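What follows is a single structure, and I will ask about it in a moment.
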There are 2 protein chains.
Amino acid sequence: MSEARTAGGTQPVMVDVAALAGVSHQTVSRVLNGSPHVRAQTRERVLAAIRKLDYRPNTAARALVTRRSQTLGVISFDTTLYGPSQMLYGIEQAARAAGYYISIASLRDQDTFSVHEAVDRLRDQAVEGIAVIASRVSAMAALARQIATVPMVTVGPTDPGRLPGAGVDNEAGARAAVRHLLDLGHETVHHVAGPDDWLEAKARQVGWRGALQDHGRPVPDCLPGDWSARSGYQAALRLADDPGVTAVFCANDHMALGVVRGLHQTGRRVPRDVSVVGFDDIPEAAFLTPPLTTVRQHFGELGRCGLELLLHRVQFSAPTAAGDDSSHQVAIVTPELIVRASSAKPGR
Amino acid sequence: MSEARTAGGTQPVMVDVAALAGVSHQTVSRVLNGSPHVRAQTRERVLAAIRKLDYRPNTAARALVTRRSQTLGVISFDTTLYGPSQMLYGIEQAARAAGYYISIASLRDQDTFSVHEAVDRLRDQAVEGIAVIASRVSAMAALARQIATVPMVTVGPTDPGRLPGAGVDNEAGARAAVRHLLDLGHETVHHVAGPDDWLEAKARQVGWRGALQDHGRPVPDCLPGDWSARSGYQAALRLADDPGVTAVFCANDHMALGVVRGLHQTGRRVPRDVSVVGFDDIPEAAFLTPPLTTVRQHFGELGRCGLELLLHRVQFSAPTAAGDDSSHQVAIVTPELIVRASSAKPGR
DNA sequence: GGAAGATTTGTGAGCGCTAACAATACGTGT
DNA sequence: ACACGTATTGTTAGCGCTCACAAATCTTCC
């Protein structure tokens, strides 16, 4: 009969609870793990002891023997941006609901080295799976190379065929935006794009071009941006030179807001002279001057969705994954066009 | 001589490395922990074996015996908001630099129950310390009650005297904003405040009122807001009834942007008729229409700062903290006024 | 009433690692 | 050559938990 340390500064351990409840440590373990082979009365006694001692199981010991950390990792770049931070939130909520802890690794750069480092870091913590909020094509490639080492999904931007994940149908969103502007009567639509090597930027650009071509409209040169309001502003200054511009579709709301600012400064009125449409529907979009027409993404939903996918994979790849079932699962959410005052009929 | 499993799907463990390097597992441990009592040549051999096997130490086993998880927890509410997400990033960067992992717990509500739950959750993970990005007075109170159980600091809003933490001098920031408007020649300044039970909101309101009183100006009624652009918009509609309003100081940029929108809609021009100043300096502030005068906070810096404080406490409270040294350490950063086009001389 | 079965509990081993101590190797001065 | 101190390495014993299995208890039914 091992004497349990009753006092002292140390945390109580399982045998302490067992001693107090008058059972063996294994019975305590059974109660903790919800085993059905415990008499109700015994369970009560154990639970009472747990409560009295404020006992909390040692996760490290448990992880050591079960080889499961109950932890998922999240790699995120640019938590600064609206989308990523929203998705992180959605992921965390979903993980908690599923009984998992979340460990994060946020990166400044999306280069191969940083990506590998982040994955390593998370693997060192024995995470059971990783959700990645990455967007750069390069980062995706780096991740694809590591997919074998640990279950992984992408959230937000997806790279169908290489990595499983939950994403938004950016192309459809862009098409909807362009179609809306054409329907209003605009001859064509200009585009302020996101960085070349971002998947979302690419997809939105493709959608924009596709919609114009489908309607047999001229496809103007595409203006480069970097998601920031500043880059939108600069694009607008260039756009202002061309009197033919009547409609601009921006790859995100922040750039759209910069475009509005730039147009305004050069004497073009929105939406009287030029219509502007964004993408994302940030919370303040409805309260900008003018309120911004945009394409709404449900980032939170996306995070939840992605995590579900990840959990599924974690379950499957239990000991040795290898030849998984459907390796390239992807969940696609279709975004929604929100029409506000920044887009209107061309006013000639 | 225990035969090391050379193949198999299992991860290599320390004895595997030891066997390959021809040493004991303890020597491997020494190399891993940077012990000086290892011959350089031996160290090399061990490192080579580690590399060859792609061995990675089991954190659970290590945590079990050292009783240190190398993990810090972050509790955050509203990762959605600009400030919190920025601070989270700063915290993560600083933690990584210090060799700590970060586990997050984000909460939807700031009520007592949620706060306790989050702390429990993090404690279950055996985090060595917790950084809290909370703002509600109620949440602070709940935290203060748990401070004894684990080292804790607040980041962002601070509650001097109760919890240690890194914060911004919101009052000084507000004073600077108000003074700026008075200097421009405005008779008084109206205020759209944040939620009553947020510490930042309170401090900014106090600063606003104080500055007005210092200059012997009338203190108008304060308009309530909830940080959202929508609430700013609504406040503006109310403000519009009063022709005497020439300057508005908003407790954050999003509300300021809503105020601008509301004023614009009711025919008041910014800054010609009314000057508007915000707080935060969100990245797009400079590209709003008009560019927003605001008070800049260095959120990232703040996160770093707070984490440093936390690490300090973690070090100190090693086995049994109890009577700590300076229990109410606080780092205060002074924000900076950024003048842009949304504020100007009253145009009568 | 007692054997066969089901239910509930206890026992021992070991997950992979570090901490303490023991044991060796290496030099140095006498 | 010897003892002695110092570098370097090895040995043993857990950390707190779960797993596999053994033991004890309670049923049930002939």
Side-chain angles (χ1 to χ4, degrees), chain A residues 1-5 8-46 49-50 53-70 123-126 318-319, chain B residues 1-5 8-46 49-50 53-70 123-126 318-319:
Chain A
M1 179 138 296
S2 69
E3 198 57 38
R5 50 212 131 123
T10 46
Q11 287 270 334
V13 297
M14 205 174 257
V15 292
D16 299 329
V17 175
L20 183 60
V23 296
S24 78
H25 66 115
Q26 177 61 287
T27 301
V28 177
S29 172
R30 288 199 183 93
V31 170
L32 249 28
N33 294 297
S35 158
H37 305 299
V38 179
R39 214 172 1 159
Q41 182 192 332
T42 312
R43 185 193 314 280
E44 278 315 314
R45 242 177 334 144
V46 170
I50 288 174
L53 262 39
D54 187 28
Y55 165 76
R56 41 191 77 223
N58 182 317
T59 39
R62 178 179 286 179
L64 180 57
V65 53
T66 60
R67 292 144 187 291
R68 314 204 67 209
S69 61
Q70 289 295 319
R123 285 222 290 152
D124 284 344
Q125 284 182 82
Chain B
M1 179 138 296
S2 68
E3 198 56 39
R5 49 214 132 122
T10 46
Q11 287 273 332
V13 296
M14 205 173 257
V15 293
D16 299 330
V17 175
L20 184 60
V23 296
S24 78
H25 66 116
Q26 179 60 282
T27 299
V28 177
S29 173
R30 287 200 184 91
V31 170
L32 249 27
N33 294 296
S35 160
H37 305 298
V38 179
R39 215 176 354 167
Q41 180 193 333
T42 313
R43 185 192 314 279
E44 279 315 316
R45 246 182 324 146
V46 170
I50 288 175
L53 261 40
D54 188 29
Y55 164 76
R56 41 190 78 220
N58 182 317
T59 39
R62 178 179 285 180
L64 181 57
V65 55
T66 59
R67 290 146 187 290
R68 314 205 67 210
S69 62
Q70 290 294 321
R123 285 223 289 152
D124 283 345
Q125 285 182 83

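Quick note: numbers below take in every heavy atom, side chains included, and nothing from hydrogens, waters or symmetry partners. Order of the sequence lines fixes the chain letters, A, B, ..., with proteins taken first and strands second; residue numbering starts at 1 for each chain. Everything numeric here is computed off the predicted structure, so don't read it as measured data.
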Whole-Å gap separating C1' (C:dG16) and CG (B:Asn33):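 Rounding to the nearest Å, CG of B:Asn33 and C1' of C:dG16 are 13 Å apart.
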May I have the list of side-chain donor-acceptor pairs in residues 37-45 of chain A shorter than 3.5 Å, sequence neighbours left out?
from, atom 1, to, atom 2, distance (Å)
A:Arg43, NH2, A:Val38, O, 3.4
A:Arg45, NH1, A:Ala21, O, 3.0

Main-chain N/O of A:Arg30 paired to A:Asn33 side chain as donor or acceptor, under 3.5 Å: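 Absent.
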Between C:dG16 (P) and B:Leu53 (CG): distance, integer Å: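 Distance, rounded to whole Å: 14 Å.
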Whole angstrom value for the distance that separates P of D:dG16 from CG of A:Leu32: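 For the pair A:Leu32 CG and D:dG16 P, the rounded distance is 15 Å.
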Contact residues, residues 54-63 of chain B to DNA chain C [heavy atom, < 4.0 Å]: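 Correct list: B:Tyr55, B:Pro57, B:Asn58, B:Ala61, B:Arg62.
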Whole-Å distance separating the CZ atom of A:Arg68 from the P atom of D:dT18: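 Whole-Å distance recorded here is 14 Å.
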Any residue meeting side-chain contact (heavy atoms from CB on, under 4.5 Å) with A:Ser69, in chain and number order, not counting sequence neighbours: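 Scan of A:Ser69 (side-chain contact (heavy atoms from CB on, under 4.5 Å), adjacent residues dropped) gives A:Thr71, A:Ala126, A:Glu128.
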Pairwise side-chain contact, A:Met14 with A:Pro57, heavy-atom cut-off 4.5 Å (strictly under):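 They are not in contact (no side-chain heavy atoms under 4.5 Å apart), so the answer is no.
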A:Tyr55 and A:Val46, any side-chain heavy atoms less than 4.5 Å apart: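 No, too far: nothing below the 4.5 Å cut-off.
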B:Gln11 side, atom CD; B:Asp16 side, atom CG - distance, nearest 0.5 Å: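 Between B:Gln11 CD and B:Asp16 CG, I get 10.5 Å after rounding to 0.5 Å.
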Whole-Å gap separating P (D:dC26) and CD (A:Gln41):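 So the two atoms are 11 Å apart, to the nearest Å.
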Within-4.5 Å side-chain heavy-atom neighbours: B:Val23 and B:Val31: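 Side chain of B:Val23 against side chain of B:Val31, heavy atoms only: no contact under 4.5 Å found.
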Protein-nucleotide distance (A:Leu64, atom CG; C:dC17, atom P), rounded to Å: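 Distance, rounded to whole Å: 9 Å.
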Sugar-phosphate only, base, or nothing, as touched by B:Pro12 at under 4.0 Å among non-hydrogen atoms: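 Since no nucleic acid heavy atom lies under 4.0 Å of B:Pro12, the category is nothing.
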Reading 5' to 3' through nucleotides 9-14 of chain D, protein heavy-atom contacts under 4.0 Å coded B for base, S for sugar-phosphate only, - for none: BBBB-B
With sequence neighbours excluded, residues passing side-chain contact (heavy atoms from CB on, under 4.5 Å) with B:Ala61: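 Testing B:Ala61 for side-chain contact (heavy atoms from CB on, under 4.5 Å), a comparison that skips the adjacent residues, returns A:Leu64, B:Asn58.
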Least distance between heavy atoms, A:Pro12 atom then A:Leu53 atom: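 Here A:Pro12 and A:Leu53 meet closest at CG-O, 3.5 Å.
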Any A:Ser29 side-chain N or O less than 4.0 Å from OP1/OP2 of D:dT18: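 Result: yes.
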Considering all heavy atoms, the nearest A:Asp54-B:Arg123 contact: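 Of all heavy-atom pairs spanning A:Asp54 and B:Arg123, the closest is OD2-NH2, 4.0 Å.
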Phosphate contact (D:dT18 OP1 or OP2) by A:Arg67 side-chain N/O below 4.0 Å: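 No, outside the criterion.
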From CZ (A:Arg68) to CZ (A:Arg62), nearest 0.5 Å: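 Result: 11.5 Å between the selected atoms.
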Difference in axis direction between the ends of the helix from C:dG1-D:dC30 to C:dT30-D:dA1, five pairs, 10°: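 Between the first-five-pair axis and the last-five-pair axis there is 50°.
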